[in-house]
Every structure is written in structure tokens, then in C-alpha cells.
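Note sheet for the following structure.
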Amino acid sequence: MDMSIYSQAMTPEPLLQVQDMSRYYGERVGCRAVTFQLWPGEILGIVGESGSGKSTLLRCLAALDQPTDGQIQFADDGQWLDVPALPEPKRRALMRRAWGIVHQNPRDGLRMGVSAGGNIGERLMDAGERNYGQIRRVARDWLARVEIDPDRIDDLPQHFSGGMQQRLQIARVLVSEPRLVFMDEPTGGLDVSVQAKLLDLLRALVRDMGIAAVIVTHDLAVARLLTDRLMVMKDGVVIEQGLTDQVLDDPQHAYTQLLTSAVLV
Amino acid sequence: MTEAQTISGADPHYNYGYLDEQTKRMVRRALLKAVAIPGYQVPFGSREMPLARGWGTGGIQITAALVGPADCLKVIDQGADDTTNAVSIRNFFARVTGGRTTQKTAEATIIQTRHRIPEKPLRADQILVYQVPQPEPLRKLEPSEVETRNMHAWEEYGLMQVRLYEDIARFGHVATTYAYPVMVNERYIASPTPIPKFDNPKMDMMPALQLFGAGREKRVYAIPPFTRVRSLDFEDHPFTVQSWDKPCEICGSRLSYLDEVIVDDHGARIFVCSDTDYCEDRRADAASLGEGA
């Protein structure tokens, strides 16, 4: 039996706690009264149609946007950090050390003018790694892990295919072994076979490293394959949440029923 | 300040040192702050000078704010005292201050420079003023000024290391040979301006005060005397300076920075000291030794 999974299940404290979080854009609702907890090693999916507030929620969680109301707390070294109130240096340090963001468009997450090795090595160098050989070794290792030929370490990302760019972005984020990763439509814009490979890879990596992740997607297949728990959003409100299989196989809310019946999953 | 204007030799049509007294005070205040925070770029109200921006207006404004009747000014451009820019700036200050100028490194109290640090070690009673085209070492990596200021503020210098990494990955060594980034006092990364990296080690623990002025970019920064200045590198790719196979063709020095000079239409080339004063001194020494023997 895999003991690492066992110990995760026994972790008494959640990693992220969200209580009645709302974000209004003037009169309009971005998202309203969202409450959930995320445990270490757990993958939470947020699904819903476009405009349902998924991305707003993710931006608030990742401290890229300020919630209008409510609490977001992150467990850092046994302390609860008030995420929206984090001072800028602390937030940036957290962003480099404990968090990662995988963007939908790899161009937003990669430095396109910097080689693949440099892209992967940046976070290591941010953390103070000053041994070139060591950075190269880690970069090669990570290229292999995301199924890119390590000999392409000195190639620029713009010479990579879309799927490779996305895998490179994932390597760049995961190299610093973050504890929490935010992903916004990580498989968007890729063709189906590439999507499947990427999902396989993501699942393996996240499971291996025991990373907690929040994944925003409109694709129920992605949610089914990758996530432990699911939140369904509509008009800025969470209308249903629970274990992924439970939500998808036995949807309670009318909208979720509509959503699940609209595709084969 | 009428007293200074009466100094003999100064052009009476200009205030002493060209800038008005309030402007000099403003520049000095910025310089004091710069000295207090080694390597930090301090904004200042850069003025129009009788010279196009990008031709040394930052250095000229610092020199103008510092120069006094007791000073002796040396101006170098690419190590040479006799190039157009150096001669013009020296003449400019001779005219607006009536003060002494020199080509001798040892005689100067203020040395305004572009592209070189003199070969002769500087003393504690001297000030080195650099003309800086681009004060922001992170600019080529990060175009946003807001972002680069944040990066300095939070000491986020991983990106600068990425640049060195890319050099080694592409060329097998750090190919940056000028404006090689330095860490000042283990806090701020600063650009040493377009001096060759050959001169970087001279900045470390230098007894003289080093002041940097960027007129177009409206920034000054400073390295106080005896401040630790470290050139960035990797543990397994340590910082190195340029070296040459041959000595200077004129004075025979093996220790100085050499310029490549093409001497005819057939591509024949020689290497000579870029620091003209140093080269002349060595020849004079050799000549006097020859006479003595």
C-alpha cells in the first residue's frame, strides 16, 4: 500500500480555506458566497459555462484579484495566511515558492525568448541556485518527465508545438515543487489526442508529488479524469459540489443534470 | 553665487559650472541619497545640457554639481583623453569653471568617464563619474519600469541569472563582455555601464567614490568607497575577464585593457592600451630608465 497517500489522508489541516468569498464588479456579480476547503494532495475541479465566475474565483484564490467580501486562508508552515491581505513581498515569495499557476495559453506562462532550459531553471535561480551544471541536470530531468526530448533543452519555446509548450509550462511550474497549483483550462486549445496525453501526464505528476491543485475547466472529461472533487458554478454561485464521480454520475441540480447530459463522459 | 563667477578664466556669461545653484543642490541631494543606498537608482530632475542626451549629459550634470575651484578634472572616452567627446567635455568645463583640467589620472580629483576605469588605481581623494546610457540592468529582460522597480525592491534577481544561463547555454561561456551586471553591497544589482567586464574587479573595494549619472533616463546611483562589488556568475562558471595573447604594441603592457586597431587597408591590426595616459606614462618611464642606464 502506498504510504504517502495514507499520510496525506490523515493530514488534519486543510491547505486552503475559503469562506463566503464574493467578488463584485460594481453591480455585477463575479462570484458570490463561495465556501470550500482544499486538502493537501487533493485536486479540485471548478466547472461551469463561460461567464459563470470560474476564472474570477481562480484569480481571487491566486491573489491576482481582491475579493470584495469573505475570507481566503492558506496554510503556510502551520500558520494561516490571510491571502487577500498578504503584503506584496510575501505574496510574490509565496508565488515563487509554494504556488504555481498554469495558464491556458502557454505564452502567458513561458518566457518565449528564453530557451526551454532557462524557462525551467528560472524558478531554481529565483530560489538561489547558482550551479549551472545542477540547473542543467534538473532541467533535463524535467524535460524527460514531461515527455520532451532532453536534447531540445536549448531550443526556444516558439519552436515547440502547442502541446509541447504546454508541457514545458507545466515543467516550469512544477520544478520548484509547489504545494498548490492553479490551472486555468490547462488543456484548452489542444487537439484531443494531445489533450489526453497531457491529462495523463498531469495526473501522474500531481499524484507523484502530492500537489494540491485547483483546476478550472469547462470540459467535463478533464474534470472526470483529473479531479477528486468538483464544484459546479452558474451565474457566479456554486450550485453543487461533491466527489467528482458523485456529481457527474448522480447530479442533483437541474443545471448539472443539463451539463452532464449534454456530453458523453 | 557671484563669488564663484568671479573666478578668473570662467566665462562670465554662465553660472559657475553651467548649472544654476538650485539645480546643483537638487543633483547633490540625489547623490547623497544614492551614496546612502549603494547601487539604488535615484530619480533626479535631469536638465537640458548643451549636448544631446545620450552623449554624457548625466555624467556632466554630476560633475557640474561637484566641481569646485580646487578641483582638477580629467575626462576620458573609451580610455582616451584625446577623443572628440572627451575633449569637448573637458573644454566645456574649462570654459564654465575656469578650473584646471588634466590628462593625468594621478593629478585629477574628478574623473568623468565613458567606457573605462583608468588602469592606475584610484585614491580615496578622487571621484569617478560615469556617463550611463541605460541605468537599469534588468531592462532588456523586463520592459516594464514598474516591474523592474519591484524586482529591485524585493530582490528578485533570478531573471538576471537566467540571462547568464542563456549565455552559457548558447555560447558555452558568459558572452556578456560589457555592462556586465554587478551585485553592489550584496543588495542591489547595478549596471556598471558600458565598461568592459575587464574593469569590473576594479570597482570592488575601490577607495574612490563612484558616481553614475544617466541624463536621458534621469537616474543617478553610486558605489561609496570601499564597497563590495561582485560580478554575477555561477559556481561552476566563475566570472573571468578578457585576456590577450600579445602585450600592448606601444608600451608592452600585459596588464592593461587593449583595443584592436586596424592600421592599413589590408586588415593588418595591432593591439594597444585603451588607457592613453597609462600607455604614455609607461613609455615615459621606459625612456627615463633608458637614459639612466
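Every chain is numbered from 1, with letters handed out A, B, ... down the list of sequences.
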### Considering all heavy atoms, the nearest A:Ser115-B:Tyr165 contact
OG-CE2, 3.9 Å

### Query
At their closest point, which heavy atom of A:Met125 faces which heavy atom of B:Val162, and how far apart are they?
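Smallest heavy-atom distance, with atoms named: SD-N, 3.7 Å.
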
Heavy atoms of other groups near [X] [atom1], more than 12 under 6.0 Å:
X	atom1	value
B:Glu186	CD	yes
B:Arg25	CZ	no
B:Trp55	CH2	no
A:Tyr24	OH	yes

### chain B contact via A:Ile135 - side chain, backbone, both or neither, heavy atoms under 4.5 Å
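Only the side chain of A:Ile135 comes within 4.5 Å of chain B.
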
### Task
Name the region of A:Ile120, side chain, backbone, both or neither, that has any atom closer than 4.5 Å to a heavy atom of chain B.
neither

#### Entry: Option in A:Val114, A:Asp126, A:Asn119, A:Asp154 with maximal non-hydrogen atom pairs under 4.5 Å from chain B
A:Val114

### Query
B:Glu166 versus chain A, heavy atoms under 4.5 Å apart: side chain, backbone, both or neither?
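It is the side chain, since no backbone atom gets that close.
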
### Task
Check whether B:Arg163 gets within reach of chain A through its side chain, its backbone, both or neither, counting any heavy atom under 4.5 Å.
neither

### Task
Tabulate, in ascending numerical order, the residues of residues 214-248 of chain B having at least one heavy atom closer than 4.5 Å to a heavy atom of chain A, or enter 'none'.
B:Asp233, B:Phe234, B:Glu235, B:Asp236, B:His237

### Message
I'd like to know if B:Glu155 pairs up with A:Arg96 as an ion pair, taking the criterion as any Lys NZ or Arg NE/NH1/NH2 lying under 4.0 Å from an Asp or Glu carboxylate oxygen.
### Response
no

### Task
Without swapping roles, check the side chain of A:Glu122 against the backbone of B:Gly158 for a donor-acceptor pair under 3.5 Å.
no

### Query
Do B:Leu159 and A:Arg111 have side-chain heavy atoms sitting under 4.5 Å apart?
yes

